[in-house]
Protein chains: 2
Amino acid sequence: MHALLFALSDPTRLAIARALADGAEHSAGDLAGDIPKSTMSHHLKILREAGLTTTRPEGMRCRVSLRRAELNRRFPGLLAAILKNAEE
Amino acid sequence: MHALLFALSDPTRLAIARALADGAEHSAGDLAGDIPKSTMSHHLKILREAGLTTTRPEGMRCRVSLRRAELNRRFPGLLAAILKNAEE
DNA sequence: TGCTGTGTTCTAGAAACATAGAACATAACC
DNA sequence: GGTTATGTTCTATGTTTCTAGAACACAGCA
């Protein structure tokens, strides 16, 4: 659980998680605003290794999505509580 | 919320929070196992500044306790979800 | 084949963090 | 006052993390 809390303790990564909270797949480029690609790739790697997201290559781009169901099975209510409190 | 998640993303500090989860006041010395005093003081400071704990001096020692009610008001369900998933 | 768009990996510098010894402050007690 | 117990602050050292440029890999397309 440390990795999960650490991953979401960064403002940039929490923003990414919130953007993914709609359940849809987003490309890395869409998620990055003016953040450089390499920085974005770094944050996505941390989120992925914490088990928060999955990255699926599709042609030229990456489809990133939240692993909501798996996380809820492993840490019931945790992701929901964090995302809910991150709203404002 | 970043400070809170970051504070609890450290194993040592999460262990402290779990020890405090019984609602009782603990002294810093009791919470520290073989952790040096200065290290313990550092971790307690981070927890305190994240709003997770209060430290009340009482004679020679410190009485540390979780700010459960305040946290639950500010971040409903969050601390409970973290502590529950930290059990095991 | 050459060009463009999308990400990853490599690399490096700056900033933040963890750890812990040493000195200090304070309280209790003789 | 002197001693002991409990924490904090200071200082130093090593590690991790964040950021971002540069080079690279690969898919798509003319």
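Letters A, B, ... mirror the listed sequences (proteins, then strands); counts begin at 1. These numbers come from a predicted model, not from an experiment.
Closest of all the heavy-atom pairs between A/Ala86 and A/Leu14 is CB-CD2, 4.0 Å. Between A/Ala81 and B/Gly77, the shortest heavy-atom distance links the atoms CB-O, 4.0 Å. Of all the heavy atoms in B/Ser65 and B/Leu20, the pair that sits closest is CA-CD2, 4.2 Å. A/Leu66 and A/Leu83 make their closest contact through CD1-CD1, 4.2 Å (heavy atoms, listed as atom of the first residue, atom of the second, distance). Nearest heavy-atom pair, B/Arg61 versus B/Ser27, reported as atom, atom and distance to 0.1 Å: NH1-OG, 3.8 Å.
Between the side chain of A/Arg63 and the backbone N or O of A/Ala28, no donor-acceptor pair lies under 3.5 Å. For the pair A/Asn85 (side chain) and B/Met1 (backbone), a donor-acceptor distance under 3.5 Å is absent.
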Which atom pairs, donor and acceptor, lie under 3.5 Å between side-chain atoms of residues 35-49 of chain A and protein residues at least two apart or in another chain?
| from | atom 1 | to | atom 2 | distance (Å) |
| --- | --- | --- | --- | --- |
| A/His43 | ND1 | A/Arg13 | NH1 | 3.1 |
| A/Arg48 | NE | A/Thr55 | OG1 | 3.4 |

Produce the list of close N/O pairs, under 3.5 Å, pairing protein atoms with atoms of nucleotides 17-21 of chain C; give distances to one decimal.
| from | atom 1 | to | atom 2 | distance (Å) |
| --- | --- | --- | --- | --- |
| C/dA18 | OP1 | B/Arg13 | NH1 | 3.1 |
| C/dA18 | OP1 | B/Arg13 | NH2 | 3.1 |
| C/dT19 | OP2 | B/His43 | NE2 | 2.6 |
| C/dA20 | N7 | B/Ser38 | OG | 3.1 |
| C/dG21 | N7 | B/Ser38 | OG | 3.2 |
| C/dG21 | O6 | B/Ser38 | OG | 3.3 |

N/O contacts under 3.5 Å, protein versus nucleotides 24-30 of chain D?
none

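Heavy-atom distances under 4.0 Å link DNA chain D to no residue of residues 26-33 of chain A.
Listed by chain and residue number, nothing satisfies the side chain to side chain contact (heavy atoms under 4.5 Å, CB included) test with B/Asn72 (two or more places apart in sequence, or in another chain). Remark: B/Ala24 engages B/Asp22, B/His26 in a side chain to side chain contact (heavy atoms under 4.5 Å, CB included) (not counting sequence neighbours).
Atom-to-atom, CG of B/Leu47 to C1' of D/dG7 comes out at 16 Å; the value is rounded to the nearest Å. Computed from coordinates, the B/Arg63 CZ to D/dG7 C1' distance equals 14 Å when rounded to whole Å. In this structure, the CD atom of A/Glu49 is 12 Å from the P atom of C/dT8, given to the nearest Å. In this entry the distance linking CG of B/Leu44 with C1' of D/dT9 reads 14 Å, nearest Å. Taking atom CE of A/Met40 as the reference point, atom P of D/dG21 lies 16 Å away to the nearest angstrom. Going from atom CG of A/Leu5 over to atom P of D/dT17 covers 14 Å, rounded to whole Å.
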Criterion salt bridge (Lys or Arg N to Asp or Glu O under 4.0 Å) on B/Glu70 and B/Arg68, from CA distance to verdict: CA-CA 6 Å; B/Glu70 294 89 336; B/Arg68 249 190 155 134; over 6 Å; no
